[in-house]
Structures are given as C-alpha cells and as structure tokens.
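One structure coming up, written as structure tokens, with questions to follow.
Excluded from the calculations below are hydrogen atoms, water molecules and symmetry mates; all remaining heavy atoms, backbone and side chain alike, are included.
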Amino acid sequence: MSSIERFTAGFLEEPGYLDYARVGPLSAGVVSETLGQTDVLSRARYGSLDHFRTQDERLRAAVAAATGFRADQVVSEPNTTTGIMQAMFGLTGGVLLSPGDFPTVPFAAARAAEALRVVTPLWLETEHGRVTPGEIREQLTPATAAVAVCLVDSRTGYRVDLDGIRQVIGDRLLIVDAIQGFGITDVPYEVADVVASGGQKWARAGWGTGFLALSDRAIERLIPVFSGFAGTDTAEPWDEILPPSRGANAFRVSNPDPIAQARFATALEEVAEVGIRSIEAAVAVNVSTLIDLADEFDVPVASSRDERERAGIVVLEPPASQFTLLSAALHNHGVTATARQGTVRLSVHAALSVDTVDMLRGALTSYATAVTY
C-alpha cells in the first residue's frame with residue numbers, strides 16, 4: 001500500500017460528503033489519538049498528566065514542518081480567528097485587505113480599528129472577489145503597513161499567489177488566513193509574516209485546533225495586546241506582572257487544550273508522512289472529476305479551472321431560477337455541500353469514493369431532468 005493509499009484509508013465519512021470547506025470529518029488517526037488522550041485524562045494515574053505538557057512542543061514542531069517557520073515562531077491558538085485577531089490588534093498603520101474575504105479578516109481589522117485607533121483598514125477593490133498581486137500593487141500607498149489575504153477564498157475557491165504578493169508589497173507585513181488551503185496545498189508559507197489557520201477543515205483535526213506563526217519581523221513589529229500570564233517567559237508568574245515574551249509565545253492568553261493540540265499534531269504528522277504534494281495532486285484529480293461531472297450536465301462552474309488558482313473547492317452557479325432545484329437534488333440524493341448566495345460549493349479532499357461520485361451523478365441527473373421539464 002502506498003503512502004497516499006494509507007492516508008486516504010483514514011477517511012471515515014460516509015459516501016456523499018463534499019463539504020470539507022465547512023468542516024473535515026476527523027481522520028481515523030485523530031479519532032484514535034483523541035480516545036487515547038481522553039482515556040489518560042479520565043484515569044489520571046499518578047504521573048500521567050505530565051505527558052500533556054509535551055503536546056505544545058509536539059504541535060509547534062508539526063506546524064513548523066508544515067509551514068517552514070521555526071517551532072519557536074509558532075504559538076498554539078484555539079482557532080484561525082483568534083490568531084488573526086492577535087495580528088490585527090497588534091498592528092500599527094494601514095492594512096490593505098478585501099472586504100469580500102471571509103469575515104474573520106475584515107472583522108478583525110475593523111474591530112481593532114474601532115478599539116485601538118492605531119490600525120486603519122484600507123479596503124481593496126477586486127474583480128469578482130479575486131485578490132491578485134496586480135490589484136494589490138495598484139492600491140498600495142505609503143500608509144500601507146501590512147496586507148492581509150485569505151489563502152483560498154471560501155466563496156470562489158480562488159487561491160492567491162503568495163509569491164507574487166510578496167514581490168509587490170516589499171517589506172510590508174503579509175498576513176495570511178490559511179484555513180481553506182492548509183493541509184492540502186503546497187504553498188510558500190515562509191514568504192508570509194503571519195500565518196494563521198485552524199485544523200477543523202482540511203487537516204481533519206476537529207474544532208478547537210489552531211496556530212499562529214510569526215516571522216521575526218512580525219514579532220518585532222506587532223504588539224502583543226492580548227497577552228496573558230501564559231504569554232510570559234515564566235510558567236506561573238505569581239505576585240508580579242511580567243512583560244510578554246520576546247517571541248511568538250507573547251501572543252498567548254492562557255494555557256492551551258493539550259488534547260486539541262494532540263489531535264492537530266496527529267493530523268499534521270499524517271500529512272507529513274504522505275507529503276503535501278501527494279495530497280495536493282490527489283485533490284487536483286478529484287476536483288477535476290467534479291468539474292467534469294458539472295460539465296457533463298451543463299451546470300456552470302464559477303470557480304477557476306486553472307490548477308494554479310484552485311485548491312479543493314468547486315463552485316457551481318446555476319441560473320438563479322434553478323438554484324433551488326440544484327440544492328434540492330443534492331439534498332435528496334444525500335450529497336452534503338454548502339448552498340448559499342445563489343451558488344453551490346462542493347469541496348473535495350484526497351479521497352473521493354465511487355459511491356460519492358455516483359450520488360453526485362444521480363443528483364445532477366435529477367437536476368437536469370427537472371430543468372428539462
């Protein structure tokens with residue numbers, strides 16, 4: 001059995017699931033890890049709890065391997081949003097971002113501006129929601145201190161060009177919300193200054209998992225506004241208020257959930273074992289399968305067909321009058337997808353069963369028949 005076959009053998013979801021951009025069902029390895037860690041905590045044998053302290057280092061090492069950042073540049077966070085909020089509240093100056101990105105990014109910038117009045121959102125104008133290096137270059141100003149982007153747009157499936165964006169923004173901070181591509185895309189995270197992601201989608205690690213990775217430049221420029229006692233260089237700083245750490249650890253509020261860290265670390269270790277390029281290649285094949293099915297039934301595909309501009313998301317955009325028909329057909333055939341704002345978002349991972357393809361084909365057949373009549 002090849003490494004990619006071992007990896008896909010760990011997919012446990014029932015046929016018809018095409019909604020990884022919403023949440024990724026837990027992998028077999030993550031389920032096993034969760035049960036084992038929970039058993040240890042439930043029994044609390046003498047000396048057993050000390051092992052939970054090692055999960056932070058384990059997770060940071062796994063994130064470092066996945067992103068190219070050093071382990072000491074990584075801090076555990078409960079989700080993507082918390083990491084992005086830490087970055088935005090720590091900024092000073094203007095941050096260029098698209099108002100059409102997933103709400104995590106624009107909300108964080110707006111809330112930071114309202115609360116501290118030291119960061120200013122600079123709203124990027126885009127064409128069809130695509131954030132490109134050219135658009136960013138044209139809208140940079142001397143007041144722009146940072147640029148914030150989503151690695152993959154959750155509505156269009158468009159994957160940004162991180163290398164191209166880095167080239168046009170110079171030494172400004174590059175902040176990346178990576179959640180919709182983390183775990184399935186081989187991208188140069190190291191060109192970014194801030195990378196935040198969670199593990200509940202493509203990494204299949206469940207909710208409550210996340211990280212914030214910061215370059216040395218970001219650590220120097222960002223102020224750790226939300227830094228709790230766990231963000232110091234002392235484990236338990238009693239009787240005095242110590243300054244924040246001089247590294248990524250400063251952006252920590254409290255002690256993390258070690259079982260959540262173990263889940264996320266397990267998921268990333270599985271990715272490392274098979275290799276991100278193998279996963280990306282398998283996802284690309286499965287995305288093409290979905291696009292071919294849509295074409296077969298004349299369902300308009302709104303997302304990019306270019307492999308360089310996509311990850312695991314396929315967006316279908318039927319005529320407005322047929323949106324309900326398509327949504328109902330998917331529902332009636334047991335296909336789990338996200339339908340909103342006139343589009344249907346299918347999101348597929350490295351594993352795509354024959355049964356799932358058959359269920360989708362059945363749904364599209366019903367849709368096409370209903371449209372004909």
(message) Checking Asp56 against Ser76 for the side-chain hydrogen bond (donor to acceptor under 3.5 Å, both in side chains) test, could you report, in this order, the C-alpha distance in whole Å, the side-chain angles of both residues, the deciding distance, and whether it holds?
(response) CA-CA 7 Å; Asp56 184 71; Ser76 178; 4.8 Å; no
(message) Given 3.5 Å as the limit, does a donor-acceptor pair link the side chain of Ser32 with the main chain of Gly29, or not?
(response) no
(message) With heavy-atom distances below 4.5 Å as the criterion, would you say the side chains of Val225 and Leu116 are in contact?
(response)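 In short, these two side chains touch, coming nearer than 4.5 Å.
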(request) Return yes if a side-chain donor-acceptor contact under 3.5 Å exists between Glu33 and Gln37, otherwise no. (result) yes
(message) Does Phe226 form a ring pair (Phe, Tyr, Trp, His ring centres under 6.0 Å) with Phe89? I'd like the steps, not just the answer.
(response) CA-CA 8 Å; Phe226 293 103; Phe89 274 78; 5.2 Å; yes
(request) Compute whether any side-chain donor of one residue and acceptor of the other, for Glu270 and Ser27, lie under 3.5 angstrom apart. (result)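 Yes, Ser27 and Glu270 have a side-chain donor paired with an acceptor closer than 3.5 Å.
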(request) May I ask you to decide if Ala143's main-chain N or O and Thr141's side chain share a donor-acceptor pair within less than 3.5 Å? (result)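 A pair under 3.5 Å: yes.
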(message) Main chain of Thr356, side chain of Ser353: is a donor-acceptor contact present, judged purely on distance under 3.5 Å?
(response)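 Flag set: sc Ser353 to bb Thr356 pair under 3.5 Å.
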(request) Can you establish whether the number of heavy atoms outside Phe297 located under 6.0 Å from its atom CZ is more than 12? (result)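 Buried by this count: over 12 neighbours within 6.0 Å.
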(request) Using the side-chain contact (heavy atoms from CB on, under 4.5 Å) rule, pick out the option among Leu12, Val335, Val23, Leu352 that qualifies with Tyr17. (result) Val23
(message) Check this for me, if you would: do Asp171 and Arg221 make a salt bridge, where the nitrogen-to-carboxylate-oxygen distance has to be below 4.0 angstrom?
(response) yes
(message) Parallel, tilted or perpendicular, judged at 30° and 60°: which one describes the rings of Phe211 and Phe264?
(response) tilted
(message) Main chain of Pro25, side chain of Arg204: is a donor-acceptor contact present, judged purely on distance under 3.5 Å?
(response)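 Absent.
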(message) Can you confirm if the aromatic rings of Phe69 and Tyr189 lie within a centre distance of less than 6.0 Å?
(response)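 Here the rings of Phe69 and Tyr189 have centres that are no less than 6.0 Å from each other.
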(message) Is a donor from one side chain sitting under 3.5 angstrom from an acceptor on the other, for Glu77 and Thr82?
(response)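 Their side chains do not contain a donor-acceptor pair, so the 3.5 Å distance test is not met.
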(message) Between Arg345 and Asp19 (side chain of the first, backbone of the second, donor and acceptor by atom type, cut-off under 3.5 Å), is there such a pair?
(response) no
(request) Just jot down the side-chain contact (heavy atoms from CB on, under 4.5 Å) partners of Ser2, sequence neighbours excluded, or say none. (result) Ile4, Glu5
(request) Measure from NZ or CZ of Arg361 to the centre of the six-membered ring of Tyr367, then state whether that distance is under 6.0 Å and the direction lies within 45° of the axis. (result)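 No.
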(request) Look at the side chain of Gln200 and the backbone N and O of Ala205, then say whether any donor-acceptor pair between them is shorter than 3.5 Å. (result)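 Not a single qualifying donor-acceptor pair exists.
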(message) What I want to check is whether the side chains of Gln180 and Asp153 have a donor and an acceptor closer together than 3.5 Å.
(response)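 Gln180 vs Asp153: no donor-acceptor pair found between side chains.
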(request) Mark yes or no for whether Thr232, through its side chain, and Gly228, through its backbone, hold a donor-acceptor pair below 3.5 Å. (result) no
(request) Using the six-membered ring wherever Trp is involved, compare the ring planes of Trp202 and His349 and label them parallel, tilted or perpendicular (cut-offs 30° and 60°). (result) tilted
(request) Scan for side chain to side chain donor-acceptor pair (under 3.5 Å) pairs involving residues 110-120, sequence neighbours excluded, and state none if there are none. (result) Arg111-Glu114
(message) Taking Leu35's backbone N and O only, do any of them form a donor-acceptor pair with Thr38's side chain (distance below 3.5 Å, no angle check)?
(response) no
(message) Could you tell me if Arg155 and Ser303 have a donor-acceptor pair between their side chains, going purely by distance under 3.5 Å?
(response)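 The answer is no; no qualifying pair exists.
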(message) Between Thr156 and His128, is there a side-chain donor-acceptor contact under 3.5 Å, judged purely by atom types and distance?
(response)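 Checked: His128/Thr156 side chains show no N/O donor-acceptor pair below 3.5 Å.
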(request) Please answer whether the main-chain N or O of Thr54 pairs with a side-chain N or O of Glu57 as donor and acceptor at a distance below 3.5 Å. (result)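 No, Glu57 side chain to Thr54 backbone: no donor-acceptor pair under 3.5 Å.
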(message) Donor-acceptor pair, distance only, cut-off 3.5 Å: does the side chain of Arg172 make one with the backbone of Ala145?
(response) no
